[in-house]
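Notes to accompany the following structure.
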Amino acid sequence: MDYLQLKRNALEKYFSHLNPQQRQAVFTVNGAVLILAGAGSGKTTVLVNRIANMILFGNAYNDTTEPDINDEDMAFLGSCGDTASEEDARRLSDIVAVDTVRPWSILAITFTNKAADELKNRLAVMLGDECGSEVHASTFHSACARILRREIELLGYGRAFTIYDSDDSKRLLKSCIEDLDQNIREFPVNYVSYVISQAKDKLIDEDMFAEDAQGDYRNEIIAKVYCEYQKRLKAANALDFDDIIMKTVELFEKAPDVLEHYSNLYKYILVDEYQDTNTAQYRLVSLLAAKYKNLCVVGDDDQSIYRFRGATVENILSFEDEFADCTTIRLEQNYRSRQNILTGANSVIAHNKGRKAKTLWSDRGDGDKITLCAVGDEREETELVIREIGRLRKSMDLKYSDFTVLYRMNAQSNAFERRFSAKGIPYKVVGGLRFYDRKEIRDILAYLTLLVNEYDMVRFSRIINEPKRNIGTATVDMINEISLNLGMSPIEVMRQAEGFAPLQRKAKVLTETAAMFDRLRDYAETASPVELIDEIMAVTGYKKMLDADGETGITRLENIGELKTNISQYINDTLDSEDDTPPSLEGFLENVALYAEGEQQDEDADSVKLMTIHTAKGLEFPVVFIVGMENGIFPSERSLASPADVEEERRLAYVAMTRAKEKLYISYAEERMLFGRTQYNQESVFVGENT
DNA sequence: ATGGGGCTGCTTTTT
DNA sequence: GCAGCCCCAT
């Protein structure tokens, strides 16, 4: 056998735990690659192995040059086993490697921190901790925030910018609408926020929006609000989530040398869940990949369920047109579910038009048929689920944690929670209120933020009278107005309260409070963040306030204790990771803003899981109940009018069905109490489509 | 400036 | 059904 043959055999053996399509994806290193990865097809495994291949062997598999090889190495190539040890891998790499990629030249982008963490962990296992952690695996937002921390001064913001989540940004938006003297009823914050966010997702800035709005009364006003909102964000030295992407694109377009720098740094780019990218993210990736054109995107158009937040399936659908020499690979073997479940899911999704046809298959056997259950009302639905859980626990020896109930809307969890409690069935609602959304946590974080960025007007307004200091809304509005007009920070305005006529009556309390902030800032110079929180709690009277608040006060103090634990953990983790950035308060706050993980849930707890289908994406469970399969619920009432929306709902149904490994139940009720009213629904159109 | 009572409105969610 | 928000009374 010649060298090329031996080399390929050896590499195929090294990756023999993958199927042929997965291996093709792993070996295709250069140029544009589209990996259409069906549900449960081992997508993350492919990503991890592809990165490992790039680092260890580079383009060895497809390279056709024949180097001089000594007999000993040739013999090794012919003999190296399929359970290659790390030593064997090194030697194989020494012999065959061609154009290997340095780990830090790889940018792997995901949507969630969870996905980024999983990628990092599996890379560390496969490549060793050191090499694994050198790969840049992060979310769109943290990758961009990292870049902006270095470069944002080019756009006129300060490097200590704060990141506003949707609650912060809605507060700011509300103040803009009110100050522009608009009727809040006619321009509800949620609506305006949605419109502006949609615009930002499409890279439409306030000037472009104003131009497009000409002649449309509502949009003309929204354009004014948008403009004011951006002005205030900048004054507060803050970016909202959408800005993080949009400003990075703006930076790259304005400063070609900066783009050049990052293009040279990230020579290989991988994007996970590509079907969920929006226009801004698409543009960002295009800009970064334009120079070397090594772009690999992974996704499944059938699992695109985030259209409502700007995701455009078109990005994945048109990828092959965009990159003419693109290699497309389909992963259709499913390692998760029984065939009967997949057959049902395939048959439902086949009703969608304009998709990249895929047919999932499994060699795990047929398994049971999907169980369809018509019930009278939501009460009967819960009884059905409880009965089946009891039955299967006995007959199949399953644990509570093997069961999951999936629903379309959070409001549907209520009926299950009540009945599960009544019957003593342990359950856990996954998702919902997050730790960092709690009032007390947001308040303490607002204090911390102000010590880093005293221009942050939203956080200032949040806590300046919390606990009560007799500084009411009228005074706060006045401070903010002066601050905006003079370009001073609100705290600076308070310091100089004596000098502003409208504030003179309140001057005493204002200067005192400003002095308190100054002392805290001095304290922060030398104290650890945990000590700083204790000092804030004591000095501001926040602790006193909670102490006086009985039960809720105790819980809230406990939560703040939890926050302190999180900070210590962050500091330890950052020290351990030998990252180039040392731990800091700023770093922690960014971490909180971009990594607001949900409630820590003990994975071991033996409980039935309740969650929305959106939350379940990417997860798998032995037994799944999809409940409320009724027109008006699923597909949702609001989607019924638009075929495109119903298609998205159908994809959602597909995601739900493909979560199940062993058994799948689908139920629908004739009558259902929702939002305090009884409604009568027909079975969902999707029910009939699954056979 | 603050607290209480009525009214609305309400998919899906991550960053 | 209920939470959050607005307005009004104190």
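These numbers come from a predicted model, not from an experiment. Residue numbers start from 1 in every chain, and the chains themselves are labelled A, B, ... in the order their sequence lines are given, proteins ahead of strands. Below, each value reflects all heavy atoms present in this structure, side chains not excepted, and no hydrogens, waters or symmetry copies.
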Report the C-alpha distance between A/T449 and A/D456 in whole Å, list the side-chain angles of each, state the deciding distance to 0.1 Å, and finish with yes or no for side chain to side chain donor-acceptor pair (under 3.5 Å). CA-CA 8 Å; A/T449 306; A/D456 190 332; 5.2 Å; no
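Closest contact between the side chain of A/K506 and the listed nucleotides B/dT14, B/dT12, B/dA1 involves B/dA1. Of the listed nucleotides (B/dT15, B/dT14, B/dT11), B/dT11 has the atom at the smallest distance from the side chain of A/R408. Distances from the side chain of A/A474 to the nucleotides B/dT15, B/dT12, B/dA1 place B/dA1 closest. For A/N470, the side-chain atoms get nearest to B/dA1 when compared with the rest of B/dT15, B/dA1, B/dT12. Comparing B/dT2, B/dT14, B/dA1 by their closest approach to the side chain of A/T112 singles out B/dT14.
If you check every strand for non-hydrogen atoms under 4.0 Å, A/T612 touches sugar and phosphate atoms only. Looking at heavy-atom distances under 4.0 Å, A/F140 makes no contact with the nucleic acid at all. Residue contacts for A/F111: at a heavy-atom cut-off of 4.0 Å it reaches the sugar-phosphate backbone alone, with no base atom in range. Residue contacts for A/D276: at a heavy-atom cut-off of 4.0 Å it reaches no nucleic acid atom on any strand shown. Residue A/D165 is classed as having no contact, given no heavy-atom separation below 4.0 Å to the nucleic acid.
A close approach under 4.0 Å does not occur between any side-chain nitrogen or oxygen of A/T139 and OP1 or OP2 of B/dT14. Regarding contacts with the backbone of B/dT13, a side-chain N or O of A/T615 is found under 4.0 angstrom from either OP1 or OP2. Proximity of A/N190 to the phosphate of B/dC10: no side-chain N or O atom is located under 4.0 Å from OP1 or OP2. Remark: A/N113 is in phosphate contact with B/dT15, judged by side-chain N or O atoms under 4.0 Å from OP1 or OP2. Considering only side-chain N and O atoms, A/N410 lies nowhere under 4.0 angstrom from the phosphate OP1 or OP2 of B/dT11.
In this structure, A/D240 atom CG and B/dT14 atom C1' are separated by 13 Å, rounded to whole Å. Atom CD in A/E273 sits about 12 Å away from atom P in B/dT15, given to the nearest Å. A/L619 has its CG atom 11 Å from the P atom of B/dT14, to the nearest Å. In this structure, A/Q412 places its CD atom 9 Å from P of B/dT12, rounding to the nearest Å. In this structure, the CG atom of A/L674 is 10 Å from the P atom of B/dT12, given to the nearest Å. Distance CG (A/D437) to C1' (B/dT15): 12 Å, rounded to an integer number of Å. If you measure from atom CG of A/D201 to atom C1' of B/dT15, you get 11 Å, rounded to the nearest angstrom. Rounded to a whole Å, the CD1 atom of A/I633 is 11 Å from the P atom of B/dT12.
Between A/Y164 and A/F241, the distance separating the two ring centers is not shorter than 6.0 angstrom.
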Nucleotide by nucleotide, 5' to 3', does protein get under 4.0 Å of the base (B), only the sugar-phosphate (S), or neither (-) in nucleotides 1-10 of chain C, counting heavy atoms? BS---S----
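Across all non-hydrogen atoms, the minimal contact from A/R672 to A/E378 is CA-OE1, 3.3 Å. Heavy-atom minimum distance, A/I441 versus A/N559: CD1-O, 3.5 Å.
A/F621 has its side chain within reach of A/M611: a pair of non-hydrogen atoms, C-beta onward, lies under 4.5 Å apart. A 4.5 Å side-chain heavy-atom check between A/V452 and A/T162 finds every atom pair outside the cut-off.
Taking the six-membered ring for Trp and thresholds of 30 and 60 degrees, A/F308 and A/H614 have ring planes more than 60 degrees apart, a perpendicular arrangement. Aromatic ring pairs are classed by plane angle as parallel below 30°, tilted from 30° to 60° and perpendicular above 60°; the pair A/F420 and A/Y427 is tilted.
Comparing A/L594 and A/G472 along DNA chain B, the residue whose closest nucleotide (by nearest heavy atom) sits nearer the 5' end is A/G472. Along DNA chain B, the nucleotide nearest A/T473 and the nucleotide nearest A/S142 are compared for position; the residue whose nucleotide lies closer to the 5' end is A/T473.
Summarising the local packing, CD of A/Q682 is surrounded by 12 or fewer heavy atoms from other residues, nucleotides or ligands at distances under 6.0 Å.
Contacts between residues 641-653 of chain A and DNA chain B, defined by a heavy-atom separation under 4.0 Å, are made by A/E649.
Atoms CD1 and CD1, from A/I147 and A/I244 in turn, are 12.0 Å apart once rounded to the nearest 0.5 Å. Distance check: A/S142 OG to A/E590 CD gives 8.0 Å after rounding to the nearest 0.5 Å.
Glycosidic torsion of B/dT12 falls outside 90° of 0, placing the base in anti.
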